[in-house]
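Remember, it's a predicted structure, so these values are computed and weren't measured experimentally. So you know, we letter chains A, B, ... as the sequences are listed, proteins then strands, and number each from 1.
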Number of protein chains: 2
Amino acid sequence: MKVTIKDIARIAEVSTATVSKVINHKDEHISDPTRKKILKIMKEYNYIPNTAARSLVTKKTNTIGLIIPDIRNPFFPELARGVEDRANESEYNVIFCNTDDDEEKEEKCVSMLIEKMVDGIIFTASSKRTGEFRRFKNNKIPIILVDRDLDLKHIKGRIKADNRNGAYEGVKHLITCGYKDILFLSGPYTSYTSMERLKGYKKAFKEYSIKYKEENIIEGTYQSGWGYEIIKKLLRQKRKFDALFCGNDLIAIEAIKALQEDGIKVPHEVGVVGFDDIYMSRFIDPTLTTIKQPIYEMGYKAVQMLIETLQGKVNSYQNILLDTQLMIRNSTLKK
Amino acid sequence: MKVTIKDIARIAEVSTATVSKVINHKDEHISDPTRKKILKIMKEYNYIPNTAARSLVTKKTNTIGLIIPDIRNPFFPELARGVEDRANESEYNVIFCNTDDDEEKEEKCVSMLIEKMVDGIIFTASSKRTGEFRRFKNNKIPIILVDRDLDLKHIKGRIKADNRNGAYEGVKHLITCGYKDILFLSGPYTSYTSMERLKGYKKAFKEYSIKYKEENIIEGTYQSGWGYEIIKKLLRQKRKFDALFCGNDLIAIEAIKALQEDGIKVPHEVGVVGFDDIYMSRFIDPTLTTIKQPIYEMGYKAVQMLIETLQGKVNSYQNILLDTQLMIRNSTLKK
DNA sequence: ACAATTAAGGTAAACGTTTAACTTAAATGT
DNA sequence: ACATTTAAGTTAAACGTTTACCTTAATTGT
């Protein structure tokens, strides 16, 4: 049988208001003996406040929602961990939702999170959405966007890596290594990051006064399997290329696999650069040259931003751009 | 301004009870025109029920807690996805917590989940805990254990892979390949799965009437980095071995890396078998021979079990053992 | 010495649902 | 024709907190 604030009040011979005040540290007007007595009884009876009742009146749940495409994509565990760590520091919990970049699921996630009255939402996805969410009409739940762009009323901030410059550095590295036919195995064009990386790709070419070829830019997906498939397809088509700049590490790793199966040597015949610097990129053979994003930090800072907004410490729109870093390993080679 | 059930009732000119009944499909005694009218108004005014208020009276939150050591460990994203998918099918949400196998954090997680009044908990960890949770005194939240053993009052079921037999198959494979000095790079002994895998290791030796050496069994951790470090250390010590049976794929992958850095050929000089079959195990070089666990399925079925318990469909203790599968790839070789 | 302030705590409404118990009118059985 | 059942609702309490406002006694200021 659960013990409530009323039980505590009765046993301590005070009112529930008094108990509530000591629970919430609004106890300037509570005497020391009373406070101690209440705390002792609370501990003794193992009192656990009922969050539902509390939320009902305070309109706060101390819960935030995390919307991601798929936790199995190696980018997201790192992000999720950053989110959870920062959330926990401020006694927030995290409800997470996978959308598979599906609009219907996204909508459902948002609905669920609103019903659960989360205090805020961290939203990452690379989806096609352009419009408003249906359920957002009467709602004011603040949203922090991670690594994507979207125009919604509720957006209080945005945090992302400098995808354009990262891609620029990566492609520049390939060019200066001496690679000539550099394909861009892009993620979906609907994704904001893809487009930014594409800009970086083009910028690098421009800077070296090389004309890039439209057909060298190939749109794909971030789903596992695509990197492998596309290389197999290109090889069947006898497409000529000597370097790959990949939308993420997963694509890069799968591509390398596909190349090696056909006896093509990385980095000697084909150089490969990835994006993200996932943990495994150091363990494949050859180790992967890639653009490191501060993924954990992105999650951490997104929640930081959200909490500051919730506490009213900040109410202007915030936009954080984090630096990327070129990690040169063995999948590229100075020719 | 949020629209409540009272607003809907007022507009539809019925009582809140009537509205509540149609919301919860307890509407046998509601006429069709009334029902439709209410539904229409709910949609029109974008009514979203307040879960806190509902939970307060029903004592249910439609939320489950997921406790794991670290989402960054490649085992857990797969599991988490299984959990979320099954949970969503029944309109449940998932709150997740990382414990880093730390007792204090575990305790804190449990506290938070109880306060949030989750309907049930999926608990995975490989920790040292033996006793009860402090906060569990007055509580009856059902727990399903995944891949671990623990003696708590609230445990309604357990689901795990057949670790012992999996390990047995893996070691047997190494033995029949002709490898002689097979080290076991184990996870922590405090983990239930480690001990089961150790039993499998011993069983295989016994079956082939080989005496295993105590010093070949090495206790480690599942933290990233250990697999690499231990191999470096063994090589410095000039330890003799020609095969590794690893506590998980991460250890195996790191070990292979460390071996290759020292010019040792896998599988020719040293054969390696992992455990889990994480996605990346197909992409490293050589591809990793490993014991596949049905990870997604474990998460999925754990929630299934939990929900059935919550619905009262089942109230006996359940114990599911899932089969593992030996995936022979290129890190082992028939000599 | 008396008004004003402060310390310590109490009262009761409010938050938004659900649900057991009740009501009323119509339909049905015999 | 009357009792019984059913259909279609309504009423109001309950869930466990928080909090604005109140009360009382003690302290302080002048």
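- Atom CD of E13(B) and atom P of dA8(D) are 19 Å apart (whole Å).
- Counting any heavy atom pair closer than 4.0 Å across all strands shown, T34(A) reaches sugar-phosphate atoms only and no base atom.
- Residues satisfying the salt bridge (Lys or Arg N to Asp or Glu O under 4.0 Å) test with K60(B), not counting sequence neighbours, are none.
- Of the side-chain N and O atoms in S31(B), none sit less than 4.0 angstrom from OP1 or OP2 of dA7(D).
- Between I64(B) and L306(B), some side-chain heavy-atom pair lies under the 4.5 Å cut-off.
- At a threshold of 4.5 Å between non-hydrogen side-chain atoms, the residues N50(A) and T4(A) do not count as touching.
- Rounded to whole Å, atom C1' of dG9(D) lies 18 Å from atom CD1 of I8(B).
- N315(A) CG: 12 or fewer foreign heavy atoms inside a 6.0 Å radius.
- Contact annotation: K60(B) side-chain N/O to dT18(C) OP1/OP2 distance is not under 4.0 Å.
- Remark: C1' of dG9(C) and CD1 of I38(A) are 10 Å apart, rounded to the nearest angstrom.
- Note: CG (D27(B)) to P (dT18(C)) measures 13 Å, nearest angstrom.
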Which protein N or O atoms sit under 3.5 Å from an N or O of nucleotides 17-23 of chain D?
{"from": "dT17(D)", "atom 1": "OP1", "to": "Y47(A)", "atom 2": "OH", "distance (Å)": "2.9"}
{"from": "dT17(D)", "atom 1": "OP1", "to": "N50(A)", "atom 2": "N", "distance (Å)": "3.2"}
{"from": "dT17(D)", "atom 1": "OP2", "to": "I5(A)", "atom 2": "N", "distance (Å)": "2.6"}
{"from": "dT17(D)", "atom 1": "O5'", "to": "Y47(A)", "atom 2": "OH", "distance (Å)": "3.1"}
{"from": "dT18(D)", "atom 1": "OP1", "to": "N24(A)", "atom 2": "OD1", "distance (Å)": "3.4"}
{"from": "dT18(D)", "atom 1": "OP1", "to": "N24(A)", "atom 2": "ND2", "distance (Å)": "3.1"}
{"from": "dT18(D)", "atom 1": "OP1", "to": "R54(A)", "atom 2": "NE", "distance (Å)": "2.8"}
{"from": "dT18(D)", "atom 1": "OP1", "to": "R54(A)", "atom 2": "NH2", "distance (Å)": "3.4"}
{"from": "dT18(D)", "atom 1": "OP2", "to": "S20(A)", "atom 2": "OG", "distance (Å)": "2.6"}
{"from": "dT18(D)", "atom 1": "OP2", "to": "N24(A)", "atom 2": "ND2", "distance (Å)": "3.3"}
{"from": "dT19(D)", "atom 1": "OP2", "to": "K26(A)", "atom 2": "NZ", "distance (Å)": "2.7"}

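- Protein atom CE of M117(B) is 9 Å distant from nucleotide atom P of dG16(D), rounded to whole Å.
- Atom OH of Y317(B) sits about 3.0 Å away from atom CZ of R158(B), to the nearest 0.5 Å.
- The separation between E28(A) atom CD and dA8(C) atom P is 11 Å, rounded to whole Å.
- Per the geometry, NZ belonging to K2(B) stands 12 Å off C1' belonging to dC15(C), to the nearest Å.
- Both the sub-6.0 Å distance and the 45° axial angle are not jointly satisfied by R81(A) relative to the ring of Y296(A).
- The nearest whole Å value for the distance from the CG atom in L56(B) to the C1' atom in dA14(C) is 12 Å.
- Of the residues near DNA chain D, S15(B) and A52(A), the one whose nearest nucleotide (by heavy atom distance) lies more toward the 5' end is S15(B).
- The shortest side-chain heavy-atom distance between I67(A) and I121(A) falls under the 4.5 Å cut-off.
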